[in-house]
Amino acid sequence: MNLPNLLTVSRIVATPIFLFLLLADVWYLRVGSVLVFAAASLTDLYDGRLARSRGRVTEFGRFMDPLADKILVTSALVALAVGRIVNAWLVIPVVVRDVIITSMRMYGLYRGQMMETSRLAKWKTTVQLITIFVILVMIGVQELSIHYQWHSIIDLESAMFPLLANGLMAVVLLLTVLSGFHYLFRTEQHSSSAL
């Protein structure tokens, strides 16, 4: 267990804390969920870089890093869909794709083959994290404006917020579908060349 792997594991540990804060009815806990999500997202930025720069790349890290991303992102998306912040029909295909790819990764590991994370999948994860963070920041700003009785800066009930949140989610869905097909095509190609 090295520092990059600890950062990866901390992302998984942070997920239930983030969910508890986001789903709480107390304004400062909901604001705190933004900070926890931001910190967890930063671990994704640094764990891989640290592992490569220090020559600490491990099989554990190569498997757990994308899994930790999926746990954090999927949990956040499901919470946003349950809270009716984003449309569930935009979230469900993302979750299904991640379950399929994770199952393929587990099966590959069982057969002794490590499935590499594609560059497109890394972009997809980055866009997912940014999208969720932007939505959370808007929720946090609204919570602050309600508590301190500022003139409402962001109104989650107005038509503009759902349009922006679901527009960002549509981009996430597009990248998710593309990266999913990329994985399936790459796996099919690899299977054909092995015959």
Side-chain angles (χ1 to χ4, degrees), residues 3-50 64-99 102 122-176:
L3 180 57
N5 288 345
L6 283 173
L7 288 173
T8 299
V9 170
S10 73
R11 191 153 65 255
I12 296 171
V13 172
T15 300
I17 298 168
F18 157 72
L19 288 174
F20 169 77
L21 296 175
L22 179 63
L23 300 174
D25 284 333
V26 184
W27 71 271
Y28 55 84
L29 294 180
R30 291 186 64 145
V31 171
S33 72
V34 182
L35 302 176
V36 172
F37 186 85
S41 298
L42 285 174
T43 67
D44 182 44
L45 183 65
Y46 289 108
D47 58 0
R49 287 183 183 180
L50 278 173
M64 287 303 293
D65 180 47
L67 183 61
D69 293 340
K70 286 176 178 58
I71 290 170
L72 177 65
V73 167
T74 301
S75 299
L77 290 177
V78 168
L80 292 174
V82 168
R84 298 176 189 252
I85 305 294
V86 295
N87 290 332
W89 67 267
L90 290 167
V91 171
I92 291 168
V94 175
V95 173
V96 169
R97 177 264 185 209
D98 283 348
V99 168
T102 301
K122 289 177 182 176
W123 292 344
K124 180 263 312 174
T125 300
T126 301
V127 172
Q128 285 178 332
L129 291 171
I130 291 169
T131 295
I132 294 166
F133 180 70
V134 167
I135 294 170
L136 290 174
V137 165
M138 290 192 285
I139 292 170
V141 168
Q142 191 206 33
E143 291 289 342
L144 286 170
S145 68
I146 290 170
H147 178 74
Y148 288 107
Q149 298 179 345
W150 301 333
H151 178 66
S152 187
I153 299 170
I154 295 172
D155 183 6
L156 299 186
E157 303 298 321
S158 75
M160 196 64 191
F161 178 77
L163 190 64
L164 176 60
N166 288 310
L168 289 170
M169 272 307 304
V171 173
V172 166
L173 177 58
L174 178 63
L175 278 173
T176 300

Inset, instruction - Test side-chain contact (heavy atoms from CB on, under 4.5 Å) on Asn5 and Asp47 and set out the steps. - result: CA-CA 7 Å; Asn5 288 345; Asp47 58 0; over 6 Å; no
Legend entry - side-chain contact (heavy atoms from CB on, under 4.5 Å) assessment of Met64 paired with Val9: CA-CA 8 Å; Met64 287 303 293; Val9 170; 5.5 Å; no
Inset, instruction - Give the C-alpha distance, both sets of side-chain angles, the deciding distance and a yes or no for side-chain contact (heavy atoms from CB on, under 4.5 Å) between Thr102 and Val99. - result: CA-CA 5 Å; Thr102 301; Val99 168; 5.9 Å; no
Inset, instruction - Could you please spell out the steps behind the side-chain contact (heavy atoms from CB on, under 4.5 Å) verdict for Lys70 and Gln128? - result: CA-CA 10 Å; Lys70 286 176 178 58; Gln128 285 178 332; over 6 Å; no
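Rounding to the nearest 0.5 angstrom, the gap separating the CG atom in Asp69 from the OG1 atom in Thr74 is 9.5 Å. Going from atom OG1 of Thr131 over to atom CG of Asn166 covers 11.0 Å, rounded to the nearest 0.5 Å. Here Lys122 contributes atom NZ and Asp44 contributes atom CG; the two are 9.5 Å apart, rounded to the nearest 0.5 Å. Taking CG from Leu21 and CG from Leu29, the interatomic distance works out to 5.5 Å, rounded to the nearest 0.5 Å. The CD1 atom of Ile132 lies 4.0 Å from the CG atom of Leu77; values are rounded to the nearest 0.5 Å. In this structure, OG1 in Thr8 is found 9.5 Å from CG in Leu3, a value given to the nearest 0.5 Å.
Here the side chains of Ile12 and Leu67 are not in contact, with every heavy-atom distance at 4.5 Å or above. Looking at Val134 and Val137, their side chains never come closer than 4.5 Å, going by heavy atoms from C-beta outward.
Taking both residues in full, the closest heavy atoms of Ser33 and Phe18 are given as O-CD1, 3.4 Å, listed atom of the first, atom of the second, then distance. Annotation for Ala165 and Ile85: closest pair CB-O, 4.0 Å, computed over non-hydrogen atoms. When all heavy atoms of Phe161 and Ile135 are compared, the closest pair comes out as CZ-CG2, 4.0 Å.
Panel note: side chain Arg11, backbone Asp65; a donor-acceptor pair is recorded below 3.5 Å. Side-chain atoms of Thr43 come within 3.5 Å of backbone N or O of Ala40 as a donor-acceptor pair.
Taking Trp27 as the reference, His147, Tyr148 meet the ring-ring contact (aromatic ring centres under 6.0 Å, His included) condition, with sequence neighbours excluded.
Across Asn87, Val91, Leu164, a single residue satisfies side chain to side chain contact (heavy atoms under 4.5 Å, CB included) together with Met169, and that is Val91.
Ion pairing between a basic and an acidic side chain is recognised when a charged N comes within 4.0 Å of a carboxylate O; Lys124 and Asp98 show such pairing.
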